[in-house]
Amino acid sequence: MNTLMGNLAQTLDCGQCFRWDRLQDGTWEGVAYGRYLHITEENFSDVLRDPFWADYFDMGTDYAGIRAGLCEKDSTLAEAAHYAPEIHILRQEPWEALCSFILSQCNNIKRIKGMAARLCRAYGRNIGNGRFAFPEAETLALADEGDLRALGFGFRAPYVISAAKSVAQGRIDFKALKVMPLKEARDVLTGLSGVGPKVADCTLLYGLHKMDAFPMDVWMKRAMKVLFPGKDPSWFGPYAGVAQQYIFHYSRHHPELFQCA
DNA sequence: GTCCAGGTTTTTA
DNA sequence: TAAAAACATGGA
């Protein structure tokens, strides 16, 4: 489907975000930075003329160039990139990315989206028409663990509150993390309870747009073993994060590749 | 009922 | 150090 909406779907449906939904008519709606957006084939080009959304959808980055560079490295990587070539890495809110991926552990994407929706409804600012912003860290720092467990968060509840407190109190400073080298920033984030290397790398890639971050979840571990034996994330270079997203999306849609893994 | 889901922490050997 | 087990919940 080589349409604007088809291209957009690759970005919104590749597992990097949890606050966007495809409606029955194929249009998309979601909330970011407290702004609601409904995207249709008709309004899409206008949306991208809005500097705010153009930045959110990362329209200023040369993905064609990045993709070409990655495709030259390896034919398997080229095949993965070809499966969803129009994927962009969204510029999500750092706290939303950190919090969402804390929720993602030992969980599936559908349920993560439901949990994020309940969190926003319970603690986020009402932006009208039954829609809610992602809650501020300052708000969740004051939340009750039992209340979060009542939302179905399970063992993740204390992790969310603990991380929220660290952000609210400035012990985690996203502006500082943004300009740190990857490894250093990862070490800071993994100091949080409930944040290991995978959640840290998701935060760095999706929330702080560090393109060299390479989140290693179960799918990526399988993919590395089967599709890229002997290689490690640094082999993919400064845009490893984009490669990761191609491979993750491709792998999830080709589970038969890993039946013997 | 059993298994698994974009992990991490705690316990055990 | 490294491998299990525990951590909660809901859907298949």
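First the proteins, then the strands, lettered A, B, ... as listed; each starts at 1.
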[atom1] of [X] versus [atom2] of [N]: gap in Å, rounded?
X: A:Glu96; N: B:dG6; atom1: CD; atom2: P; result: 18 Å
X: A:Arg222; N: B:dC4; atom1: CZ; atom2: C1'; result: 10 Å
X: A:Gln244; N: B:dG6; atom1: CD; atom2: P; result: 13 Å
X: A:Phe258; N: B:dC4; atom1: CZ; atom2: P; result: 17 Å

Euclidean distance for [atom1], [N] against [M] (whole angstrom):
N: B:dT2; M: C:dA6; atom1: P; result: 15 Å
N: C:dG10; M: B:dG1; atom1: C1'; result: 15 Å
N: C:dG11; M: B:dT8; atom1: P; result: 24 Å
N: C:dA3; M: B:dG6; atom1: P; result: 24 Å

Using a 4.0 Å heavy-atom cut-off, does A:Leu192 contact any base of the nucleic acid, only the sugar-phosphate backbone, or nothing at all?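 Sugar-phosphate contact only - A:Leu192 comes under 4.0 Å of backbone atoms but never of a base.
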What closest approach, in Å, do A:Arg131 and A:Val31 show between heavy atoms, and which atom pair accounts for it?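 Here A:Arg131 and A:Val31 meet closest at CB-CG2, 4.5 Å.
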Closest approach of A:Gln244 to A:Pro215 (non-hydrogen atoms, all atoms of both residues): NE2-O, 3.2 Å
Reading nucleotides 7-12 of chain C from the 5' end, what letters show protein touch, with B for base, S for backbone sugar-phosphate only, - for no heavy atom under 4.0 Å? BBBS--
Pair A:Tyr250 and A:His82, ring centroids less than 6.0 Å apart: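 Ring centroids of A:Tyr250 and A:His82 are no less than 6.0 Å from each other.
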Strictly under 6.0 Å, is that where the ring centroids of A:Tyr246 and A:Phe236 end up? no
Would A:Tyr123 and A:Leu148 count as a side chain to side chain contact (heavy atoms under 4.5 Å, CB included) if you check the C-alpha gap in whole Å, the side-chain angles of each, and the deciding distance to 0.1 Å? CA-CA 10 Å; A:Tyr123 295 95; A:Leu148 292 188; 3.6 Å; yes
If only side-chain N and O atoms count, and only distance matters, is there a donor-acceptor pair under 3.5 Å linking A:His38 with A:Asn43? no
Given DNA chain B, 5'-ward residue of the pair A:Thr190 and A:Gln16, judged by closest heavy atom: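 Between the two, 5'-proximity favours A:Gln16.
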